[in-house]
There are 4 protein chains.
Amino acid sequence: MQIGIVGLGRMGGNIARRLQRGGHAPVVFDRSSEATEALAAEDMAPAAGLADMVAKLARPRAVWLMLPEGDVTETAVAELGELLDPDDVVIDGGNTFWKHDIRRAATLREKGIHYMDVGTSGGVWGLERGYCLMVGGDTAIFARLEPIFETLAPGYGEVARTSTRKLADDRAARGYIHAGPAGAGHFVKMVHNGIEYGLMQAYAEGFDILYRRGSADLPENERYDFEVADIAEVWRRGSVVSSWLLDLTAEALGGDGRLEGFRGAVPDSGEGRWTIEAAIQEAVPTPVLAASLFARFRSRDEHTFADRLLSAMRFGFGGHIERPK
Amino acid sequence: MQIGIVGLGRMGGNIARRLQRGGHAPVVFDRSSEATEALAAEDMAPAAGLADMVAKLARPRAVWLMLPEGDVTETAVAELGELLDPDDVVIDGGNTFWKHDIRRAATLREKGIHYMDVGTSGGVWGLERGYCLMVGGDTAIFARLEPIFETLAPGYGEVARTSTRKLADDRAARGYIHAGPAGAGHFVKMVHNGIEYGLMQAYAEGFDILYRRGSADLPENERYDFEVADIAEVWRRGSVVSSWLLDLTAEALGGDGRLEGFRGAVPDSGEGRWTIEAAIQEAVPTPVLAASLFARFRSRDEHTFADRLLSAMRFGFGGHIERPK
Amino acid sequence: MQIGIVGLGRMGGNIARRLQRGGHAPVVFDRSSEATEALAAEDMAPAAGLADMVAKLARPRAVWLMLPEGDVTETAVAELGELLDPDDVVIDGGNTFWKHDIRRAATLREKGIHYMDVGTSGGVWGLERGYCLMVGGDTAIFARLEPIFETLAPGYGEVARTSTRKLADDRAARGYIHAGPAGAGHFVKMVHNGIEYGLMQAYAEGFDILYRRGSADLPENERYDFEVADIAEVWRRGSVVSSWLLDLTAEALGGDGRLEGFRGAVPDSGEGRWTIEAAIQEAVPTPVLAASLFARFRSRDEHTFADRLLSAMRFGFGGHIERPK
Amino acid sequence: MQIGIVGLGRMGGNIARRLQRGGHAPVVFDRSSEATEALAAEDMAPAAGLADMVAKLARPRAVWLMLPEGDVTETAVAELGELLDPDDVVIDGGNTFWKHDIRRAATLREKGIHYMDVGTSGGVWGLERGYCLMVGGDTAIFARLEPIFETLAPGYGEVARTSTRKLADDRAARGYIHAGPAGAGHFVKMVHNGIEYGLMQAYAEGFDILYRRGSADLPENERYDFEVADIAEVWRRGSVVSSWLLDLTAEALGGDGRLEGFRGAVPDSGEGRWTIEAAIQEAVPTPVLAASLFARFRSRDEHTFADRLLSAMRFGFGGHIERPK
């Protein structure tokens, strides 16, 4: 089916490509004309702007936004609210805060325009592997757009079937779900990313213990010089901790077991933060997810005011003198 | 090759079976004669006890212990130290504390007997999938026993090759490694389990956030009734958080999305605890691994003294009165 | 000076009393006429409602709200916005979310009415000890109301003077500060409570370690039967951990060293939660404050879905069977 | 009474002085003759070494060791074991690991020599304020040495009496306790320090939130430029978070509200670490105490291997490129 794609970066461009390969007809636009032309050269219909895109799409239209979270997406949604007709659909496939989805859906609903939020996982690998899709919005519109979701999703692939599943609906096993009403898709994607932070930090801490086991600070007979690349590799087969993140870890360590090419000042996105806020709202204890977020915050500071205050208190009560800066 | 297997529980029995299938000749013993006879009925050579097993093995002998961690293993190692001859090997495949390996290896070395520690991951799945093996001990003995390790390990399987690996040694990619001298195998397995706790807790917290999102305590327009089984399933394909633990989660939730058959008082083994102690010895911050361990401790208490003391302090400063028990 | 006090619960009633003892003239109102009459019987001027109170106060008026956080306070502020005249002041002494202060101050400013937020610490002890006050709002209005703050605050008391202070302003040493513009007072009070959670949890965990040291699960020669009441008492003198919370701990343990009268399902207020959200907004790592909040959440659940999921995963990979409920 | 003091650093020297002022007769020794002479100049009896000290003390002797934790103390205990006679006492007032106390007490007991462990809090302030003492060892020897403990302890001081205490024994209220048999004193002191870490970190995190609230990264209308020195000061009076550590915080911030003289690489002593190990042995969840320890570990690293691994994984799954070092 025909679909507009706005934002042709790493994610948006590949989404357009995967849809085209799947027999759909993307109309593409990026504010960088270079990006738009690149996809036009791959036989996709280019648009010169949102208005032009709307003009090129047949009704009822569907426009998929794949833009940076925040103001850029907000503005595009507002503009489309002006340009589209009743029964058209705006799809936000970016990393939007789920409460914004609830608000936007309500605003557009007043004009008869539909709004769908699609949590999209897959990164640079999605073009080939497919995208895991978590969709929020009205059931009828989910059904209308299902051919799109089906094409983007990975399908059964080689992943073993879950033996216990009793539900007639096998969409989840093909890589996409209708998670619930507006915001539900991004909520699930948010928690997905919160979990991702926790998983990553668990591996990071474990490998750090292995890495530092050769330290000269330890008693000589309790030191080991581990080949961490081999350890990551061996755990990929037959072990409880095997995962795609471990595969990536093995790739990284295989290239450089000391990871000296990385600085280790780790950014965080909104989703990790919103996950903790959602947990707090529900009074769900999430010590691991919170610790993972804090580890990223801490990775970006050299020394914090908190650290200095600890030093200052120690100085106060014990005359402990810290090494001057 | 010929090998003695002591301890024929879920793990030991299947190890014997996988070795036999691989063309090796296990001599088996369990203090339960029923367990020994079960394997004898599968054409393995039974032994009536450690002395009998030693008598039935040709020199240089190899005896693999697959016994409960602690006194049972300790006693068996000591007895074998009396029964075996120089150049024979004791292999501990259980969940032993790595410092005990260092001590035992030194004690047996005085008699010319070798000691190898083999961290073994695979659980009930190992018979078919193979066991991930992390081996500590002397290089020459590792080489001697390599046919055993090769048979037990999963082999390349269908896991994609790591593109960056430059090492000539592809043992890790076939599922077993020589991690270092005595204790190194169990040290790596210990950290493996520490990471496992962290991964499990990350998923558990995330799914808890999803599960409780339907709570009547939340504002009505911010509630979702998620189908958590579908969410686990959809994340198995194309998502960053896919893993074997997620596969198990999908299996569990597929059968009962509320997990009402489980009580949730979660045991912990020594390895999770020793991981934190090793981290503390190295001064490596491990907030996620520690939080995972504490979550298990907490899951087994109804209310702690700590909780009651919080209530008592609140009562003291604010006259906050807790609901009496 | 004359001041209206709305809300005559434990906190509001004592604030009125302390002001009256300090020579001020409170006009008091509570929606419970019983509460209003109780203070009228102590020679304070009663009001029949907000309108009556406004009528009884001379201009420029000051009305101090000491009401439950949330809708109750919100409604009272809105009503006063209708009743008051330009240059009058609304003071919110409750536990309001600081962003609400910013919003309310802006709304009232349009009518020329002033808004001050006063974080108030002191609990049931404030009548005698005085209240620690953290004030947000315009500097000029802070100055106008300063006689009120001065009376409510503890004054220098017997607390030793801080030797390093160079600031001419000694208000802080007398127990009240002008923290900044609208919301600043409640922001500081919020962090105060966040810290309080952390301090309480630190004591609670330490005493739990002492309390359980007599457990029969430990090796006999590593057990101690500690008299925890004595330990709390001895730390009150000459030790680094002495504090008012420790005094309260000693009081509680002195009465019942096992705290069997407390259930240990510990509530939390908004301030503990908002502190973590403020930290996340600033990207400040706050592992201790967050862990304290999560410990309270956890104290109120018997078993969580997260716990059950851990059990379910363990069952999946190892056939570990949890004891059924 | 007469008592030998070995180790005349900041703590040991002041202990000798406080005992002398209290009418006792210290015989003093430090391996630095300068330190020994300094106290000799204050009219204390100097000794030239342990043997000389033993010769100068009347039987039954008591020798108080105030030495660095670890080998130095261990060696001194062993030497005294050779030099002393039955019924003499070795007192370890340092920061010894409690399991070493248990072992040493057993070893000395074979020779009829007594061993007492005394957890000693007070830092540089102890000379004037007195030392909070937590004593482990035999009851009879505790009684024999009680005049020493009584003198060193702070006494009732100006601290309010705990109203609930029913115990006839008021030693705790005078600042010293007999905590239990060998090791009990250092165990209690260890937990004391574990709590101290937690309290310090709670304040540090809270003040960090306040400190960074002026950051230009925040929305302009949600920033505050707090005077943190004033906040520390105001909380000292009438607030729930008042404590001695807060007094020290106010001292530090009063001198320099930005703490620019401190580097913030915070050491930790064995006691913080052993506290977590004791908690793990008891299966007591201690998220706050552990987080406090980890924060110190982290404060001493610029970037960890764990941080770099997070960056490497992010690079792997999303092509996120971290800023190169």
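By convention in this document, chain letters (A, B, ...) are assigned in the order of the sequence lines, proteins followed by strands, and residues within each chain are numbered from 1.
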- prompt: Side chain, backbone, both or neither: which part of D:Ala283 has a heavy atom under 4.5 Å from chain B?
  reply: both
- prompt: Is chain B contacted by the side chain of D:Arg300, its backbone, both, or neither, given a heavy-atom distance below 4.5 Å?
  reply: side chain
Salt bridge B:Asp217-B:Arg212, side-chain N to carboxylate O under 4.0 Å: no
task: Count the heavy-atom pairs under 4.5 Å between each of D:Pro285, D:Ala279, D:Gly272 and chain B, then report the option with the highest count.
output: D:Pro285
message: Using the rule side chain to side chain donor-acceptor pair (under 3.5 Å), only one of B:Asp117, B:Asp92, B:Thr73 pairs with B:Arg104; which is it?
response: B:Asp92
message: Is the terminal nitrogen or CZ of D:Arg129 (NZ for Lys, CZ for Arg) located under 6.0 angstrom from the six-membered ring centre of D:Trp244 and within 45° of that ring's axis?
response: yes
message: Looking only at heavy atoms and a cut-off of under 4.5 Å, which of B:Thr304, B:Asp268, B:Val284, B:Asp301 has the most pairs with chain D?
response: B:Val284
field: Set of residues satisfying ring pair (Phe, Tyr, Trp, His ring centres under 6.0 Å) with respect to B:His303, sequence neighbours excluded
entry: none
